[in-house]
Amino acid sequence: MGRLIIVEHPLVQHKISLLRDKNTGTKEFRELVQELSTLMAYEVTRDLPLCDIEVETPVAKAKTKTLEGKKLAIVPILRAGLGMVDGMMSLIPSARIGHIGLYRDPMTLKPVDYYSKLPPDVSERDVIIVDPMLATGGSAVEACRIVKEAGCMRIRLVCLIAAPEGIEAVSKLHPDVDIFLAAVDSHLNEHGYIVPGLGDAGDRLFGTK
Ligand code: PRP
Ligand code: URA
C-alpha cells in the first residue's frame with residue numbers, strides 16, 4: 001500500500017500560505033513553488049539507500065555514508081509541474097527529467113494527453129511525478145499510467161495542494177504510489193477547482209491570466 005505523507009514542516013506551511021494569497025504576483029509565486037519543491041525533495045528522498053565509505057578529513061580517516069546511487073527520474077506534468085523541476089533538481093542534480101503533457105478539459109475535467117517523453121532507461125529508475133495541484137486526480141492517475149506503461153513500477157507523486165477527491169482517485173487506481181503533499185484542502189468546486197486552493201497553478205506560474 002502506498003504511503004500518504006503530509007509535510008507539516010513550518011517552512012512548508014508558511015510558504016503554502018504565501019502561495020495561496022491572491023496578491024502574490026507571478027515572480028514571487030514562481031520562487032515559492034521552487035522553494036517548496038526543494039523542501040518537498042528533502043522529504044521524498046528521505047529513504048534513499050546509503051552505503052558505507054571512508055574519506056580522509058584534514059584530521060583523520062572517517063567512516064561515513066554516501067548515497068548508494070539509486071537512479072531517479074523527475075517527471076513534471078505540463079505545464080504547472082515544470083515550476084517544480086528546478087527546486088527538486090537543486091537537491092538531486094543527477095536525476096533525469098521526463099515530461100508528460102496533459103491538460104484538463106474544462107467541460108469534462110478529464111485529462112487530455114498531448115505530449116510524453118521519458119528517459120529511455122526510465123524502467124530502471126524510481127520516478128517522482130510532480131504537479132502543484134491534485135484536484136480530481138485525473139491528471140495524476142493518467143501520468144502514473146503512462147509511467148507504468150513505460151515499465152516503471154516505483155513511483156512517488158509530489159503535489160503541493162490536494163483535494164480529498166484527488167487523493168482518493170490516485171490511491172484507488174494506483175494503490176502502490178506514495179503521495180507527498182504540503183496541504184489537503186476541503187473540496188472541489190463546480191468547476192473542479194480546489195477550495196480554498198490557490199487558483200489556476202499554471203496561469204499563476206506563467207502569467208497567462
Ligand atoms: C492543472 C494542474 C494539474 C491538473 C489537476 O493543470 O497543474 O495538472 O490541473 O487537476 P486534476 O487533478 O483534476 O486532473 P491544467 O489542466 O490546468 O493544465 P496546465 O498546467 O497546462 O494549465
Ligand atoms: N488545477 C489548478 O491549477 N487548480 C485547481 O484548483 C484545480 C486544478
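Worth knowing before you read on, the calculation uses all heavy atoms, side chains too, and leaves out hydrogens, waters and symmetry mates. Atoms within each ligand, like the ligands themselves, are counted from 1 in listed order.
Other residues, nucleotides and ligands contribute only 12 or fewer heavy atoms inside 6.0 Å of the OH atom of Tyr42. More than 12 heavy atoms of other shown residues, nucleotides or ligands fall within 6.0 angstrom of atom CD in Gln13. Residue-environment remark: NE2 (His187) exceeds the threshold of 12 foreign heavy atoms within 6.0 Å.
In terms of protein heavy atoms, atom 15 (P) of ligand 1 is closest to Arg104 N, 4.2 Å. Protein heavy atom at the shortest distance from atom 3 (C) of ligand 1 is Asp131 OD2, 3.0 Å. Nearest protein heavy-atom neighbour of atom 17 (O) of ligand 1: Asp200 OD2, 4.1 Å.
Distances below 4.0 Å separate heavy atoms of Gly192 from the following atoms of ligand 2: 7 (C). Interface of Ala201 with ligand 2, defined as ligand atoms under 4.0 Å from a residue heavy atom, comprises 2 (C), 3 (O).
Ligand 1 has no nitrogen or oxygen under 3.5 angstrom from a nitrogen or oxygen of Tyr103. Looking at Ala140 next to ligand 1, no N or O pair under 3.5 Å apart turns up. Ligand 2 has no nitrogen or oxygen under 3.5 angstrom from a nitrogen or oxygen of Gly202. Close N/O approach between Leu109 and ligand 1 is not found [any backbone or side-chain N/O within under 3.5 Å].
For Gly137, the closest heavy-atom approach to ligand 1 falls below 4.0 Å.
In the candidate list Ala80, Gly199, Ala135, Gly138, Ala135 is nearest to atom 7 (C) of ligand 2, counting heavy atoms.
Between Met88 and Val130, the closest side-chain pair of non-hydrogen atoms falls below 4.5 Å.
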